[in-house]
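Below is one structure, written out as structure tokens; comments come after it.
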There are 2 protein chains.
Amino acid sequence: MASKSAPRATYAEIAKTAGVSEATVSRVLNGDENVHPDRTKAVNAAVKKLGYKKHRAASALASGRTGLIAVVIDDDLSIFADPFWATVTSGISRVLMENELQTLLMVTPLESVDGPVAHYLMGGEVDGAIFFQLHKDALIKRLRKQNLPIVITGTPHSRSDFPFVDTDSFGGALAATKHLFSRGCKHVGIITGDIDTTAGAARLDGYSQAYRESGHVPSKKLIAAGDWSMESGRAAMARLLEKGEGIDGVFTSNDLMAVGAMAAIEEAGLRVPEDIKVIGFDDSVVAQTARPALTSVRQDIVALGEAAAELMIAQLRGEEVEPRILKSELVIRETA
Amino acid sequence: MASKSAPRATYAEIAKTAGVSEATVSRVLNGDENVHPDRTKAVNAAVKKLGYKKHRAASALASGRTGLIAVVIDDDLSIFADPFWATVTSGISRVLMENELQTLLMVTPLESVDGPVAHYLMGGEVDGAIFFQLHKDALIKRLRKQNLPIVITGTPHSRSDFPFVDTDSFGGALAATKHLFSRGCKHVGIITGDIDTTAGAARLDGYSQAYRESGHVPSKKLIAAGDWSMESGRAAMARLLEKGEGIDGVFTSNDLMAVGAMAAIEEAGLRVPEDIKVIGFDDSVVAQTARPALTSVRQDIVALGEAAAELMIAQLRGEEVEPRILKSELVIRETA
DNA sequence: CGATTGCGCGAAACCGCTTTCACGAAATCG
DNA sequence: CGATTTCGTGAAAGCGGTTTCGCGCAATCG
């Protein structure tokens, strides 16, 4: 459709104006060391003069490298209404661009191992894929077998050796719970996220660990299950209150549930933080807009994306990569 | 990097097993009508049998069509912490995928007309570009001149003939303000967004229009400027209260400012909605988590993305396109 | 000092698909 | 019924890079 107002320079022209062969142009443009400095200079000059920009498709066809990295979002729970993934993605995109790579966004149900997405990824259309979430990793295992570089954002279930990046959920939960104790709470409860997710489990573990370290005795009655939603937080808190354990502090596994919990507390005629202190997780907008403002565990989400991209780039370079766990940090506001 | 475990079928093989020429294979695969049904069938059979998948790069090189649509986000205000754009993007991605197109995400400051992004877009690397926001449209004008299909999400400033999609800000603000009147408010104020944005201006216009239609007399003292942030909403509301116009209702141009306004109202010892009713705009998570729950103007954000993608596809087909304005809807909760 | 090695470089094949061109056969025309 | 169109098709020339191969030359070796 687009007309070629500026008839795009090619290797042929560069080669001619630089007085070298196209092969040499290619070498220079791909950083081959074994080229005489003089020619290198000549080529670079020609490139600048002609405003040359490499043609991706041609390059991809010849080399097999597309310069494209897929970011795959299983469109069930994900991006809708959750700023988290968007933020991660922007971090990824930034880093990839700096490395001459483009971000191909695929928001789609992951379906079977041979849905269209799977074929696309296996068909060599991209140089690598970064996945969000991970309920089923059959597809990923398959891709791995094909040597497609993969990075997972979030901790995978199987302890396969997938390269992944994640926030330190355990540490964050540990710190949050300890903070509640240090503020004088005696009976600290937890509202968990979906325990089937690794993040949900890790946050519960952190909470338990804090109990163990504090010398306090934990009670199963102080543990209530949520599913990350605000409504589940409200319901879980209501249950916690009913049990009459004298709960005076609660760590909720995300901010949304914290807000729900605060509503339940208020409905019970109690006050935050005077009667019950609350700490969330994520430090999302919601934490900042809540009243009273919510104390929460912050994750550096952009950094998470950047780390994912860096892991991908390392793989592309053929380096061995280790999973990366990012530190979380407690942001103290009014609720605890 | 990825090894070819399955040595990818090519036209050559298909042509051979179907007993036709490669040219015919191409015709069939690109929907050329002028091919004998028998051959068409033969080719399709061969394709299925061999599990053939077209090689994008090769196709792009030969045809000049990349099958890639860029989604460009000016990384200043945008994606960070704002679920809005992410949601739009997921709508775009879904529709593009259904049409065999891929979404290339570019999160980056738009800088000058000849930054790297500009070059990328002008270099024929993509078949079209969808832009979010629009502070400066110099780049876009330039791209348009090159015949690159463009769609803008949000209303552009210049009344150039860019194809764009947007939510009916004016109508939403009108409905919200009228609703406040109908609930008995006599002195309805507005906290505007950045007036330099078309959305900010349109929402103010809708508010003014409601005043005109209602027969009430508007007062400049009831208009306070915000900048979309929660803090600006709080400050604006404080000013509104000071002016002592007996304000009893306020329409804020987005949810974040509404939450800020509610905080200010509470700090002034007044109550929502008993003393002052509040309506926001966007119906974001924040509206749902606020207490009392915020009445707000909902936009169908996914639909907005889908519309953008559809406009793009129409252009790719060479059709003439009209801007598309999507209806907004008042979601009534507790604050008004 | 003749023989071997290594380095820098150009010629040319190639990546896989698209598209122009021309040709033979079938359909339409005068 | 010969002449002109129309239609379906294959051969082949690209599209714009990358990469292998081998050559000529200078450096190194015996």
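So that the names make sense, note that chain A is the first sequence line, chain B the second, and so on, each numbered from 1.
- Judged by distance alone, the side chain of A:His36 and the main-chain N or O of A:Arg39 form no donor-acceptor pair under 3.5 Å.
- Atom CG in A:Leu29 sits roughly 15 Å away from atom C1' in D:dT19 (whole-Å rounding).
- The minimum heavy-atom distance between B:Asp127 and B:Gly67, with the atom names listed, is OD2-N, 2.8 Å.
- One finds a side-chain N or O of A:Tyr52 lying less than 4.0 angstrom from the OP1 or OP2 phosphate oxygen of D:dG17.
- We find that CG of A:Leu61 is positioned 8 Å from C1' of D:dG17, with the value rounded to whole Å.
- Protein atom CG of A:Asp32 is 17 Å distant from nucleotide atom P of D:dG17, rounded to whole Å.
- When the salt bridge (Lys or Arg N to Asp or Glu O under 4.0 Å) test is applied to A:Glu319, the partners found at least two apart in sequence or on another chain are A:Arg317.
- Rounded to whole Å, the distance from CD1 on B:Ile14 to P on C:dT18 is 11 Å.
- Taking only side-chain nitrogens and oxygens, A:Ser26 never comes nearer than 4.0 Å to OP1 or OP2 of D:dT19.
- Between the P atom of C:dC9 and the CD atom of A:Glu33 lies a distance of 13 Å, rounded to the nearest Å.
- Each of B:Val35 and B:Ala62 has a nearest nucleotide on DNA chain D; the 5'-most of these lies closest to B:Val35.
- Checked by atom type and distance alone, the side chain of A:Arg94 never pairs as donor or acceptor with a backbone atom of A:Gly305 at under 3.5 Å.
- Counting only heavy atoms from C-beta on, A:Tyr11 has its side chain closest to D:dG17 among D:dG17, C:dT19, C:dG8.
- B:Phe164 pairs with exactly one of B:Ile130, B:Val321, B:Ile325 by the side-chain contact (heavy atoms from CB on, under 4.5 Å) rule, that one being B:Ile325.
- One finds a side-chain N or O of B:Asn34 lying less than 4.0 angstrom from the OP1 or OP2 phosphate oxygen of D:dG8.
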Close N or O pairs between protein and nucleotides 10-12 of chain C (under 3.5 Å):
residue: C:dG10; atom: OP1; partner: A:Arg39; partner atom: NH1; Å: 3.4
residue: C:dG10; atom: OP2; partner: A:Ser21; partner atom: N; Å: 3.3
residue: C:dG10; atom: OP2; partner: A:Ser21; partner atom: OG; Å: 3.0
residue: C:dG10; atom: OP2; partner: A:Thr24; partner atom: OG1; Å: 2.5
residue: C:dG10; atom: N7; partner: A:Arg27; partner atom: NH2; Å: 2.6
residue: C:dG10; atom: O6; partner: A:Arg27; partner atom: NH1; Å: 3.3
residue: C:dG10; atom: O6; partner: A:Arg27; partner atom: NH2; Å: 3.2

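- Ring-plane geometry between A:Tyr52 and A:Tyr11 is classed as tilted, the angle between the planes lying from 30 to 60 degrees on a 0 to 90 degree scale.
- Under 3.5 Å, the side chains of B:Lys49 and B:Asn44 contain no donor-acceptor pair of N or O atoms.
- Between B:Arg56 and C:dC15 there is no side-chain polar atom (N or O) within less than 4.0 angstrom of OP1 or OP2.
- Remark: of the listed residues B:Val72, B:Ile73, B:Thr153, B:Val72 is the sole one forming a side-chain contact (heavy atoms from CB on, under 4.5 Å) with B:Phe131.
- When rounded to the nearest whole Å, the span between CZ of A:Arg65 and C1' of D:dT19 equals 11 Å.
- In this structure, A:Lys54 atom NZ and D:dC15 atom P are separated by 19 Å, rounded to whole Å.
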For nucleotides 22-28 of chain C, which of its nitrogen or oxygen atoms have a protein nitrogen or oxygen under 3.5 Å away, and what is each distance?
none

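- Tested against A:Leu304, the residues A:Ile92, A:Thr167, A:Thr87 include a single side-chain contact (heavy atoms from CB on, under 4.5 Å) partner, A:Thr167.
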